[in-house]
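In what follows, a structure is listed as structure tokens, so that the remarks can point back to it.
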Amino acid sequence: MEYLSRALKTISMLPDFRFHPMCKGLRLTHLIFVDDLMLFCKGYVSSVRRVIQALHHFGKVSCLTANLDKSSIFIVGEEESIKEELLAITGFSLGTFPIRYRGLPLSPMKWSKIDCQMLVGKITQRITITVT
């Protein structure tokens with residue numbers, strides 16, 4: 001996975017790649033978990049093509065490929081023609097918000113203070129139950 005991280009970092013430096021607006025400040029392109037990978041970029045065709053190129057290259061080198069039956073792309077605020085093009089480029093299914101990932105709610109909207117407090121409360125409760 002280190003190889004994929006380096007490839008995505010390299011791609012993020014190319015002039016036709018655009019960060020997702022909420023990830024630009026951190027220069028965040030991806031999050032890797034045990035068996036999950038989240039990729040972030042602006043919904044430009046050029047940016048998505050670059051990400052898919054990195055995934056294909058990683059697949060050739062590592063023999064690890066994305067399971068298209070379990071892969072989704074989340075597209076917000078794009079025209080239908082762009083959505084269709086991005087779906088064709090990736091081969092992923094179109095995901096819809098809100099979703100839960102590992103028990104946490106995910107949404108394209110910024111969380112309010114109340115949302116954050118509720119999440120902290122749930123996590124604290126789980127930790128307290130686990131410890132006792």
Side-chain angles (χ1 to χ4, degrees):
M1 288 298 190
E2 180 63 29
Y3 178 84
L4 180 59
S5 293
R6 280 183 283 162
L8 289 166
K9 183 177 180 181
T10 301
I11 283 174
S12 73
M13 292 183 229
L14 296 173
D16 60 346
F17 180 87
R18 297 289 180 265
F19 286 93
H20 182 278
M22 296 181 80
C23 301
K24 187 176 184 176
L26 296 172
R27 302 188 58 80
L28 179 66
T29 57
H30 63 286
L31 295 174
I32 298 175
F33 300 97
V34 174
D35 59 353
D36 293 324
L37 172 65
M38 291 184 181
L39 301 167
F40 308 100
C41 69
K42 185 83 172 153
Y44 294 162
V45 171
S46 60
S47 296
V48 173
R49 280 191 201 281
R50 290 292 187 184
V51 168
I52 294 301
Q53 285 175 348
L55 283 177
H56 285 284
H57 187 66
F58 175 74
K60 287 178 186 175
V61 172
S62 68
C63 296
L64 298 172
T65 58
N67 181 338
L68 295 182
D69 293 333
K70 294 181 178 182
S71 300
S72 300
I73 184 171
F74 292 83
I75 305 169
V76 178
E78 292 293 342
E79 295 178 12
E80 195 61 34
S81 61
I82 298 295
K83 284 184 184 181
E84 294 302 322
E85 189 171 357
L86 296 177
L87 288 168
I89 290 168
T90 63
F92 299 161
S93 64
L94 181 62
T96 57
F97 286 112
I99 63 166
R100 294 189 76 72
Y101 177 76
R102 301 201 178 261
L104 299 175
L106 298 181
S107 167
M109 309 307 269
K110 187 173 182 176
W111 285 8
S112 68
K113 185 176 181 178
I114 293 171
D115 293 331
C116 292
Q117 288 172 339
M118 286 177 35
L119 180 61
V120 168
K122 287 180 182 181
I123 292 171
T124 304
Q125 183 181 15
R126 285 186 186 174
I127 291 170
T128 304
I129 290 170
T130 304
V131 172
T132 57

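Because the structure is a prediction, the values reported are computed rather than measured. Hydrogens, waters and symmetry mates play no part in the numbers below; they use all other heavy atoms, side chains included.
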Side-chain heavy-atom pair Thr90, Val48 within 4.5 angstrom cut-off: yes
Inter-residue atom distance Ile75.CD1 - Leu86.CG, 0.5 Å rounding: 4.5 Å
Roughly how far, to the nearest 0.5 Å, is the CZ atom of Phe92 from the CG atom of Leu68? 6.5 Å
Look up atom NE2 in His56 and atom OG1 in Thr65, then write down how far apart they are to the nearest 0.5 Å. 9.5 Å
Hydrophobic cluster identity match, Ile73 and Leu37, side-chain contacts under 4.5 Å: yes
Reported CZ-to-NZ distance for the pair Phe19 and Lys42, which is rounded to 0.5 angstrom: 13.0 Å
Please walk me through it: do Ile82 and Tyr44 pass side-chain contact (heavy atoms from CB on, under 4.5 Å)? CA-CA 8 Å; Ile82 298 295; Tyr44 294 162; over 6 Å; no
List for me each residue that meets ring pair (Phe, Tyr, Trp, His ring centres under 6.0 Å) alongside Phe97, sequence neighbours excluded, and say none if there are none. Phe74
Hey, what do you get for SG (Cys41) to NZ (Lys24), rounding to the nearest 0.5 Å? 13.5 Å
Is a side-chain N or O of Ser46 found less than 3.5 angstrom from the main chain of Asp16, in a donor-acceptor match? yes
Pair listing, salt bridge (Lys or Arg N to Asp or Glu O under 4.0 Å) test, anchored in residues 67-95, at least two apart: Arg49-Glu85
Rounded distance [0.5 Å steps], OG in Ser47 versus NE2 in His20: 11.5 Å
